[in-house]
There are 2 protein chains.
Amino acid sequence: MDSDKSHIDETTPRTHPRARRRTRQRSVIQRVLLEANRPLTPQDILLAAQARAPGLGIATVYRTIHTMMTEGTLVAVGIPGEAARYETAGKEHHHHFQCRECDGVFDIQGCPTDDLVKLAPKGFRLESHQVVLYGVCPPCTGMPA
Amino acid sequence: MDSDKSHIDETTPRTHPRARRRTRQRSVIQRVLLEANRPLTPQDILLAAQARAPGLGIATVYRTIHTMMTEGTLVAVGIPGEAARYETAGKEHHHHFQCRECDGVFDIQGCPTDDLVKLAPKGFRLESHQVVLYGVCPPCTGMPA
DNA sequence: ATGCTATTAATAAATCGCTATCAGAAAATC
DNA sequence: GATTTTCTGATAGCGATTTATTAATAGCAT
């Protein structure tokens with residue numbers, strides 16, 4: 001019984017669980033993130049998920065975020081001066097737009113990568129970049145969604 | 001005594017002083033910011049300034065930052081996931097590079113503004129933008145400064 | 001169904017960045 | 001140099017975000 005586990009190579013030291021379980025809370029949070037199609041704050045996630053999983057706690061949101069980040073199914077999106085937001089991994093290279101009215105962050109496509117690469121001065125090894133556009137989103141300009 | 005002040009129009013409600021004094025601490029902090037030529041965190045400022053003003057406290061750094069921001073001689077620079085940094089105002093439009101080794105932030109010149117403007121999707125009113133390049137700075141690549 | 005254990009909700013507590021407080025130090029003014 | 005009032009340093013406090021704790025709940029394998 002006990003010797004059966006002795007050969008298991010724990011190369012991935014898990015902070016949390018060793019065998020994942022499919023819980024209602026986790027499913028709902030994952031669905032919220034998938035359907036949002038834009039980066040959400042932990043609070044955003046909590047609010048949206050509580051509609052489908054009453055009683056959901058903020059700690060579970062953070063735990064699920066960690067789990068998904070570890071799995072590689074979620075990535076953090078940082079916006080200057082803001083708490084981290086999270087969006088599903090696997091999207092193609094893109095950047096973000098933040099509305100100064102509602103503070104919402106939206107995905108935008110396209111990127112003048114070549115032009116940005118040229119900005120790196122001599123001696124600086126460029127590895128990645130990030131663009132954030134600021135302004136007002138359609139709903140906040142009075143336009144219908 | 002009291003009536004003398006009654007005619008003063010306090011249109012600018014000062015959080016802090018009304019008549020600035022030239023103190024050693026303030027001079028040193030301002031010099032640090034001017035000579036840095038790149039955005040510094042309050043902690044950066046504190047460390048650099050303490051060399052020239054022993055005993056300098058963090059509160060004074062924050063106070064001076066506020067004072068200078070109010071004066072318009074300092075602007076805040078936000079880097080995703082980082083505390084605010086500050087650099088002297090008046091520079092022309094530019095962006096920043098952050099070293100993932102030392103976390104230092106450096107000014108870079110040039111900006112493909114036209115290309116970035118095109119990224120804003122229909123219905124989004126673009127007002128400003130920010131570019132952050134990530135990589136390794138010259139000193140951290142082993143190169144001499 | 002039962003048992004094992006991952007998971008959860010609630011909440012306490014730790015961080016972090018920044019601000020307020022206040023007595024003493026030090027500019028500016030006389 | 002004495003006076004006045006700003007300025008400073010030390011530290012407590014605050015708001016926001018994130019993590020740890022813990023007893024109870026609920027997947028999942030048997």
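Note on naming: letters A, B, ... go to the chains in the order of the sequence lines (proteins, then strands), and numbering restarts at 1 for each one.
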Undergrad: Looking at every non-hydrogen atom in both residues, tell me the closest pair between B:L74 and B:T88 and how far apart they are.
TA: CD1-N, 3.8 Å

Undergrad: Is a donor on one side and an acceptor on the other found under 3.5 Å between the side chain of A:R52 and the backbone of A:R24?
TA: no

Undergrad: Please check the phosphate of C:dT8 (OP1 and OP2 only) for any side-chain N or O of A:R26 closer than 4.0 Å.
TA: yes

Undergrad: Between protein and nucleotides 26-30 of chain C, what N or O pairs are separated by less than 3.5 Å?
TA:
residue, atom, partner, partner atom, Å
C:dA27, N3, B:R21, NH1, 3.0
C:dA28, OP1, B:R22, N, 3.1

Undergrad: Tabulate below the donor-acceptor pairs under 3.5 Å that side-chain atoms of residues 101-121 of chain B make, not counting sequence neighbours, or state none.
TA:
residue, atom, partner, partner atom, Å
B:D107, OD1, B:H96, NE2, 3.2
B:D107, OD2, B:K91, NZ, 2.6
B:D107, OD2, B:H94, NE2, 3.4

Undergrad: Kindly give the heavy-atom pair with the smallest separation between A:V61 and A:I29, and that separation in Å.
TA: CA-CD1, 3.9 Å

Undergrad: Does B:H66 make a side-chain N or O approach to OP1 or OP2 of C:dC18 shorter than 4.0 Å?
TA: no

Undergrad: Which nucleotide, D:dT17, C:dT8, D:dT8, lies nearest any side-chain atom of A:Y62?
TA: D:dT17

Undergrad: Under 3.5 Å, is there a donor-acceptor pair between the B:T60 and B:R63 side chains?
TA: yes

Undergrad: Let's see if you get this right: which residues in residues 32-59 of chain B place a heavy atom under 4.0 Å from DNA chain C?
TA: B:P42, B:A59

Undergrad: For the backbone of A:L56 and the side chain of A:Q50, can you confirm whether one donor and one acceptor N or O come within less than 3.5 Å of each other?
TA: yes

Undergrad: Between D:dT18 atom P and A:E82 atom CD, what is the distance in whole Å?
TA: 12 Å

Undergrad: Counting only side-chain heavy atoms from C-beta out, which of C:dT8, C:dC18, D:dT8 sits nearest to A:T60?
TA: C:dT8

Undergrad: So if I take every side-chain heavy atom of A:R63 and compare against D:dT19, C:dT8, C:dC18, which nucleotide ends up nearest?
TA: C:dT8

Undergrad: Angle between ring planes, A:H95 versus A:H129, binned at 30° and 60°: parallel, tilted or perpendicular?
TA: tilted

Undergrad: Can we say A:R26 and A:E71 salt-bridge, meaning some charged N sits less than 4.0 Å from an Asp/Glu carboxylate O?
TA: no

